[in-house]
Amino acid sequence: KQEVTQIPAALSVPEGENLVLNCSFTDSAIYNLQWFRQDPGKGLTSLLLIQSSQREQTSGRLNASLDKSSGRSTLYIAASQPGDSATYLCASFNTNAGKSTFGDGTTLTVKP
Amino acid sequence: EAGVAQSPRYKIIEKRQSVAFWCNPISGHATLYWYQQILGQGPKLLIQFQNNGVVDDSQLPKDRFSAERLKGVDSTLKIQPAKLEDSAVYLCASSLGGGGGTGELFFGEGSRLTVL
């Protein structure tokens, strides 16, 4: 059974800082790894998706990496802004199970 | 392109009452998912449809929850009778499916259920 862990559960940083969010998974037989953003009371917004054959994806100030052998993915946010404050979740689509498993998220607060 | 639509956004009911949630996926998306998200946790899959067939309902509490996807487009999720522990956000997601695409999930805004 795939397990996905995100540590820390909460993170607070000053504006302008670069930061890394972590996601680890137990089963490396994944089809893809997807990062989401969730604002309070809202649904999940897709940020980046990394296919199993890829090592990283970039979108603006965001960069996500994938290392299947170590069961880890990271989301790098450059020059953080107060508008980046939200909960960030990762989900791995496990090939054997045929479905995605989510972590519990990291709640990020960027202070002005 | 229209996103995943869900309704209602909010619902408050008494325990033992019934409730239904509706989802319209992105046009052309064959795979539809219902997730339950309890405060502070990640979404947990309840049921997955491929077109109008059920692919995975192993985590669906079938004694009280039911879901259908008639004609392979819209879907409804019903809870009857509701329990206090059913208070959560019910998220609908869709993906291209059918063996093609990247498997990227697209979510609706969710339906927040409060059971009193």
Side-chain angles (χ1 to χ4, degrees), chain A residues 1-10 21-25 29-54 57 59 64 66 73 75 86-108, chain B residues 1 3-10 21 23-26 29 31-50 53-60 88-114:
Chain A
K1 177 185 174 185
Q2 177 75 293
E3 293 183 4
V4 179
T5 303
Q6 292 186 250
I7 296 174
L21 305 180
N22 297 297
C23 172
S24 61
F25 46 93
I30 63 171
Y31 183 71
N32 65 43
L33 192 293
Q34 194 169 356
W35 282 92
F36 297 87
R37 169 184 174 138
Q38 186 173 33
D39 293 289
K42 300 289 188 179
L44 279 67
T45 300
S46 179
L47 296 174
L48 289 165
L49 180 142
I50 311 175
Q51 293 287 89
S52 62
S53 59
Q54 298 173 325
Q57 283 286 337
S59 176
L66 175 64
S73 176
L75 179 66
T87 296
Y88 292 82
L89 298 106
C90 66
S92 70
F93 188 100
N94 184 261
T95 306
N96 296 329
K99 61 185 178 183
S100 289
T101 302
F102 282 80
D104 286 336
T106 294
T107 299
L108 173 66
Chain B
E1 178 183 271
V4 177
Q6 289 190 247
S7 68
R9 287 294 316 278
Y10 307 93
F21 303 112
C23 173
N24 183 244
I26 292 173
H29 279 196
T31 308
L32 185 148
Y33 311 80
W34 283 102
Y35 288 87
Q36 180 191 60
Q37 186 178 27
I38 293 172
L39 187 64
Q41 298 181 15
K44 300 292 191 294
L45 181 67
L46 291 175
I47 189 167
Q48 176 183 344
F49 292 95
Q50 180 74 18
V54 176
V55 174
D56 184 346
D57 63 355
S58 58
Q59 300 301 309
L60 187 73
V89 177
Y90 291 87
L91 294 162
C92 180
S94 69
S95 66
L96 193 59
T102 61
E104 186 172 9
L105 295 174
F106 297 87
F107 280 83
E109 289 290 326
S111 295
R112 180 178 297 276
L113 173 66
T114 301

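Residue numbering restarts at 1 for every chain, and letters A, B, ... go by the order of the sequence lines. Excluded from the calculations below are hydrogen atoms, water molecules and symmetry mates; all remaining heavy atoms, backbone and side chain alike, are included.
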If a pair satisfies salt bridge (Lys or Arg N to Asp or Glu O under 4.0 Å) and one of its residues is in residues 88-107 of chain A, list it, with sequence neighbours excluded.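 As it turns out, the salt bridge (Lys or Arg N to Asp or Glu O under 4.0 Å) pairs with a partner in residues 88-107 of chain A, which skip direct neighbours, are A:Lys99-B:Asp56, A:Asp104-B:Lys44.
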Do you know the tightest heavy-atom contact between [X] and [Y]?
X: B:Gly103; Y: A:Tyr31; result: N-CE2, 4.2 Å
X: A:Leu89; Y: B:Gln37; result: CD2-NE2, 4.4 Å
X: A:Gly41; Y: B:Arg9; result: O-NH2, 3.0 Å
X: A:Gly43; Y: B:Leu91; result: CA-CD2, 4.1 Å
X: B:Tyr35; Y: A:Ser100; result: OH-CB, 4.1 Å

Is chain A contacted by the side chain of [X], its backbone, both, or neither, given a heavy-atom distance below 4.5 Å?
X: B:Ser58; answer: side chain
X: B:Gln6; answer: neither
X: B:Gln48; answer: side chain

For A:Leu49, is it the side chain, the backbone, both, or neither that has a heavy atom closer than 4.5 Å to a heavy atom of chain B?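 Contact with chain B involves the side chain of A:Leu49 alone.
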Taking side chain as everything from C-beta outward and backbone as N, CA, C, O, which of these in A:Gln38 sits under 4.5 Å from a heavy atom of chain B? Side chain, backbone, both or neither. side chain
Is there side-chain contact between A:Gln34 and B:Leu105, with at least one heavy-atom pair below 4.5 Å?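 Side-chain contact under 4.5 Å: yes.
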Residues which pass salt bridge (Lys or Arg N to Asp or Glu O under 4.0 Å) with A:Arg37, listed by chain and number, not counting sequence neighbours: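 By the salt bridge (Lys or Arg N to Asp or Glu O under 4.0 Å) rule, A:Arg37 matches A:Asp39.
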